[in-house]
Amino acid sequence: MAKLTIDKNLNTDNTPSTDNTPITDNTYSRRQASLSSRRPGPLARSLQAATLALAGAALSTQALAEHDVKLGLMLPYSGTYAALGESITNGLKLAIEQEGGSLGGHGVEYVTLDSEANPSKAPQNMSRLVKGDGVDVVIGPVHSGVAMGMLRVAKQTGAITIIPNAGLEAATNQLCMPNVFRTSFSMWQNSYPMGQVAYDQGHRKIVTITWDYAGGKEDLAGFEQAFTDAGGEIVEQILVPFPSTEFQTYLAQIASIAPDAVYTFFAGGGGVGFVRDYAAAGLNDSIPLYGSGFLTDGNLGALGEAANGVQTTMHYAETLDTPQNQAFVSAYQEAYGEAPDTYAVQGYDAGKLLAQAYASIDGEPDREALIAALEAVELDSPRGPVSFSASHHPIQNVYLREVRDGEHHVTSIASEQLEVPDSACPMKS
């Protein structure tokens, strides 16, 4: 609780106070008892009552202004995913700085905790932020395994949580809850539009390939659903042991099948290795390669010419030609000396989501009021228009991008304002 102060030079006997102790909830009751023991006359009591009433109104306003919003950032700041955590943090802080460094007139305090992308530590870390540090909102994580542990604590405590990356379906589907929002994506949302794209481009028989883990399988499921619904056939689904990057055997298998095209989900070093090996095997000359945007996002420098012609679907591209994105890219580059990526946009939109929600609340922002305000937000984002479904998942555009000369070129909107079904979420019933 913020400390409350009044002008202690205004006693009823007009003598200066010698007690300079700030009045908190505990000291306030003691001070009132001291005043009562003096037994002032009727006029003094009337003046005292009026003074206290005015002070109470002023204190209420002051408390609102002085109450900082504590944001708990549970993101990776070390290890493999550290760059992603930094990008999200940079985007978030840029958004809040553009609001004058405050949220609805409240100052902002950041409490950062390195998640280490370690699922086993997630419940303990989340509890520390919520119960130990007393944060108002938790922002995180990057890793879907960490999200599972966070969601358990969010359910137990009711902590308002904003997911700025982890794409596991369950967060806004089977495990959805009123206090959890997402500003990123689900694996399905980015892959589903590509199924129709591949069919429309004339492909009828496709091989899909990913790592044998939940995220990869969810991504393939979205693509396969749309492609087969359109009339295409998945002739082979290849699952590579996670996190192996030895792809030669599987590329030989693809060459022997000779499908019309290949759809894949790999990311990070796996994405770099697969695209390079695919090109080195000469497959890109005859079998077009499609993928989730994470295949090439953040990897263009490492991929070089091997990525030319690769088509991906994603909810953002740094080359998106809109005034909102151009302003964002310019501001981000000025602040951090580098171009933003998808992770930065997701952090930025988390900040704008909070800013708009807090600004819309009259009075002290309690939990229920903040949840209602968050649900009503509509963002004019660098990625395009964003609103939130009943399951608190972003409704957003998904873009078709092609790599040309080291850049993602947006060729079309693959799916406009795509809403994730989240049919198992009770909030959508």
Side-chain angles (χ1 to χ4, degrees), residues 73-76 80-81 84-85 88 115-123 125-126 138-156 159-194 208 210-225 239 242-243 264-268 270-271 291-295 297 313-316 342-343 345-347 349-350 388-396 398 418-428:
L73 277 57
M74 188 168 157
L75 296 163
T80 304
Y81 298 104
L84 281 60
I88 291 168
S115 72
E116 304 174 46
N118 187 334
S120 67
K121 295 182 179 181
N125 286 338
M126 179 76 163
V138 179
I139 298 169
V142 163
H143 189 284
S144 289
V146 174
M148 291 297 289
M150 290 180 68
L151 289 169
R152 288 199 294 272
V153 178
K155 185 175 182 64
Q156 293 163 2
I160 295 177
T161 303
I162 298 176
I163 299 174
N165 189 68
L168 77 160
E169 173 194 349
T172 55
N173 196 19
Q174 297 91 338
L175 300 179
C176 75
M177 59 193 87
N179 51 305
V180 174
F181 293 78
R182 198 200 308 261
T183 60
S184 52
F185 60 95
S186 71
M187 309 304 288
W188 180 94
Q189 191 176 39
N190 274 327
S191 64
Y192 179 82
M194 186 60 93
T208 58
T210 189
W211 281 310
D212 188 5
Y213 79 130
K217 292 176 181 178
E218 285 185 10
D219 188 278
L220 292 196
F223 173 85
E224 292 171 354
Q225 176 189 349
L239 297 177
F242 180 79
T264 184
F265 173 84
F266 290 109
S292 157
F294 293 105
L295 182 67
D297 246 52
T313 39
M314 193 70 161
H315 55 284
Y316 178 68
T342 298
Y343 307 102
V345 172
Q346 293 167 175
D349 283 349
F388 295 87
S389 69
S391 64
H392 297 170
H393 191 289
I395 302 170
Q396 59 190 336
V398 177
L418 179 61
E419 180 174 349
V420 173
D422 284 339
S423 55
C425 172
M427 297 192 303
K428 294 200 76 172

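Bear in mind the structure is a predicted one, so any value in this text is a computation, not a measurement.
Under 3.5 Å, the side chains of Gln396 and Glu419 contain no donor-acceptor pair of N or O atoms. A donor-acceptor contact closer than 3.5 angstrom is absent between the side chains of Ser186 and Glu218. If you check the side chains of Asn190 and Ser292, you find no donor sitting under 3.5 Å from an acceptor. With 3.5 Å as the limit, one finds a donor-acceptor pair spanning the side chains of Asp297 and Thr342.
A donor-acceptor pair is defined here as one N or O able to donate and one able to accept, closer than 3.5 Å; no such pair exists between the side chain of Asn165 and the backbone of Ser184. Distance alone, capped at 3.5 Å, places no donor-acceptor pair between the Thr183 side chain and the Asp349 backbone. The main-chain N or O of Ala159 is found under 3.5 Å from a side-chain atom of Thr161 such that the two form a donor-acceptor pair. Side chain of Ser389 to main chain of His393: a donor-acceptor pair is present (N/O by atom type, distance under 3.5 Å, no hydrogens or angles). With hydrogens and angles ignored, the 3.5 Å screen pairs a side-chain donor or acceptor of Asn179 with a backbone N or O of Ala154. Of the possible donor and acceptor atoms, one in the side chain of Lys428 sits under 3.5 Å from a partner among the backbone N and O of Pro421. Judged purely by atom type and a 3.5 angstrom limit, Gln346 uses its side chain to pair as donor or acceptor with the backbone of Pro164. Listed for the Arg152 side chain is no donor-acceptor partner under 3.5 Å among the backbone atoms of Ala147.
Side chains of Val138 and Met150 form a contact here, defined as non-hydrogen atoms less than 4.5 Å apart. Within the 4.5 Å cutoff, the side chain of Met187 has no heavy atoms near those of the Lys217 side chain. A heavy-atom distance below 4.5 Å is not found between the side chains of Phe181 and Pro394. Two residues are said to be in side-chain contact when any heavy atoms from C-beta on lie closer than 4.5 Å; Tyr81 and Glu116 fail this criterion. Residues Arg182 and His392 are not in side-chain contact: their nearest non-hydrogen atoms beyond the backbone lie 4.5 Å or more apart. Considering only heavy atoms from C-beta on, Val142 comes within 4.5 Å of Leu75 through its side chain. Side-chain contact check for Pro178 versus Met427: some heavy-atom pair is nearer than 4.5 Å. For the pair His315/Val345, no side-chain contact is recorded, criterion being any heavy-atom separation below 4.5 Å from C-beta on.
Summarising the geometry of Asp422 relative to Ser391, their closest heavy-atom pair is OD2-OG, 2.7 Å, with the distance given to 0.1 Å. Between Gly149 and Ala122, the shortest heavy-atom contact is CA-CB, 3.9 Å. Minimum interatomic distance between Ala171 and Ile163 (heavy atoms only, all atoms of both residues): CB-CD1, 3.8 Å. Taking all atoms of both residues into account, the shortest heavy-atom contact from Pro123 to Pro119 is CD-O, 3.7 Å. Nearest heavy atom pair, residue Gln189 against residue Leu418, reads NE2-O, 2.9 Å. Heavy atoms only, all atoms of each residue included: Pro76 and Ser115 are closest at N-OG, 3.3 Å.
Taking CG of Asp219 as the start and OG1 of Thr313 as the end, the distance is 8.0 Å to the nearest 0.5 Å. The CG atom of Leu175 sits 6.0 Å away from the CG atom of Leu151 when rounded to the nearest 0.5 Å. Summarising the geometry, atom CZ belonging to Phe223 is positioned 10.5 Å from atom OG1 belonging to Thr264; distances are rounded to the nearest 0.5 Å. Rounding to the nearest 0.5 Å gives a distance of 11.5 Å between NE2 of His143 and CE of Met74. Considering OG of Ser423 and CD of Gln174, their distance stands at 8.0 Å, rounded to 0.5 Å.
Taking the six-membered ring for Trp and thresholds of 30 and 60 degrees, Tyr213 and Trp211 have ring planes more than 60 degrees apart, a perpendicular arrangement.
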### Task
Please step through side-chain contact (heavy atoms from CB on, under 4.5 Å) for the pair Phe266 and Leu295, ending with a clear verdict.
CA-CA 5 Å; Phe266 290 109; Leu295 182 67; 4.2 Å; yes
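More than 12 heavy atoms of other shown residues, nucleotides or ligands fall within 6.0 angstrom of atom CZ in Phe388.
Between Phe185 and Phe294, the distance separating the two ring centers is shorter than 6.0 angstrom.
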